[in-house]
Amino acid sequence: MTQLSAAQKQPVQGVRPSTDSSKALYGGKSTRRITVRDITAAKERGEKWPMLTAYDAMTASVFDEAGIPVMLVGDSAGNCHLGYETTVPVTMDEMTMLSAAVVRGTSRALIVGDLPFGSYQEGPVQALRSATRLVKEAGVGAVKLEGGERSHRQIELLVESGIPVMAHIGLTPQSVNAMGYRVQGRGEEAAHQLLRDAKAVQDAGAFAVVLELVPAELAGEVTRTLQIPTVGIGAGPETDAQVLVWTDMLGLTGGKVPKFVKKYADLREVMGSAAKAFAEDVVGGTFPLEEHSVH
Ligand code: KIV
């Protein structure tokens with residue numbers, strides 16, 4: 001039998017190792033609820049996966065039926081669902097209510113609930129109290145919080161207490177008042193800090209880490225360095241997973257969306273036209289017709 005050299009055994013660059021497709025996070029056969037262990041196994045298989053935000057049961061059920069394996073009840077609900085300007089005002093009561101709705105609307109996706117600003121910054125005990133609420137009252141399978149080195153004690157206590165944590169580094173929107181919305185990790189010192197943050201959250205026990213708005217090359221380096229999966233948003237193509245805010249991805253968000261968003265539909269146009277057609281029917285007396293009436 002011909003022996004393969006070490007170089008021949010390496011996967012061709014850009015080509016993922018073959019996977020058992022029945023286990024795949026996206027497109028796999030399993031209908032049971034996905035767990036963080038499945039996410040860890042996907043990194044070992046070299047599998048890429050998609051994540052979307054969701055803030056209500058009906059939208060979440062559409063994404064669940066489409067096979068999206070992980071949904072984030074992000075505090076982006078603040079600006080994408082609740083009408084705030086930023087994520088800063090979002091409360092634990094709001095996150096608990098929205099997370100519970102998304103859990104109720106889904107049966108397969110792993111649901112990750114975001115800890116809002118002010119619900120974990122005081123320290124590990126406050127973080128545990130807040131995360132426990134999302135797990136017990138909303139039924140999420142994991143929580144997310146922002147910060148690298150600065151949040152490692154919170155992550156450690158949550159993980160020790162049995163709550164899986166997705167970390168979030170790079171641009172952290174809850175710190176908008178301090179850092180603005182700027183690309184993070186540009187320049188040598190900032191790149192080193194991002195790598196330190198990534199290692200700190202992995203060492204603290206996070207099962208995955210979001211990299212938001214960081215240069216693509218640096219996100220690739222972090223992804224190759226870590227054992228846990230990276231989830232990119234505005235972080236180029238080399239992360240293990242990609243997340244988008246659903247209202248951006250489906251074209252519901254009004255005004256300008258960030259450069260890294262790909263719009264897969266124009267729901268704002270579809271919904272606006274449908275609302276106008278309904279209004280014109282009502283005003284013109286063409287709705288309801290006989291077929292919409294009961295007798
Ligand atoms: O709140 C959110 O939607 C997020 C994603 C952008 C990762 O944190």
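Atoms within a ligand are numbered from 1 in the order they appear, just like the ligands themselves. Not measured: the values here are computed from a predicted model.
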Heavy-atom neighbours of R196 CZ exceed 12 at 6.0 Å: yes

Heavy-atom neighbours of E188 CD exceed 12 at 6.0 Å: no

Electrostatic pair D93:R133 at N-O distance under 4.0 angstrom: yes

Nearest-contact summary for atom 5 (C) of ligand 1 - protein heavy atom, Å: L72 CD2, 3.7 Å

Over 12 foreign heavy atoms within 6.0 Å of CE, M271: no

Nearest-contact summary for atom 2 (C) of ligand 1 - protein heavy atom, Å: S76 OG, 3.3 Å

Numbering as shown, the atoms of ligand 1 that approach T53 to under 4.0 Å (heavy-atom distance): 3 (O)

Distance-only N or O hit between ligand 1 and D75, under 3.5 Å: yes

Residue, atom name and distance, where the atom is the protein heavy atom closest to atom 8 (O) of ligand 1: K144 NZ, 3.0 Å

Protein heavy atom at shortest distance from atom 6 (C) of ligand 1: I233 CD1, 3.7 Å

Atoms of ligand 1 close to D114 [distance to a heavy atom under 4.0 angstrom, numbered from 1]: 1 (O), 8 (O)

Whether F278 and F287 hold their rings parallel, tilted or perpendicular, with breakpoints at 30° and 60°: perpendicular

R150-T172 side chain donor-acceptor pair, cut-off 3.5 Å: yes

Atoms in ligand 1 flagged as close to G74, the criterion being non-hydrogen separation under 4.0 Å: 1 (O), 2 (C), 3 (O)

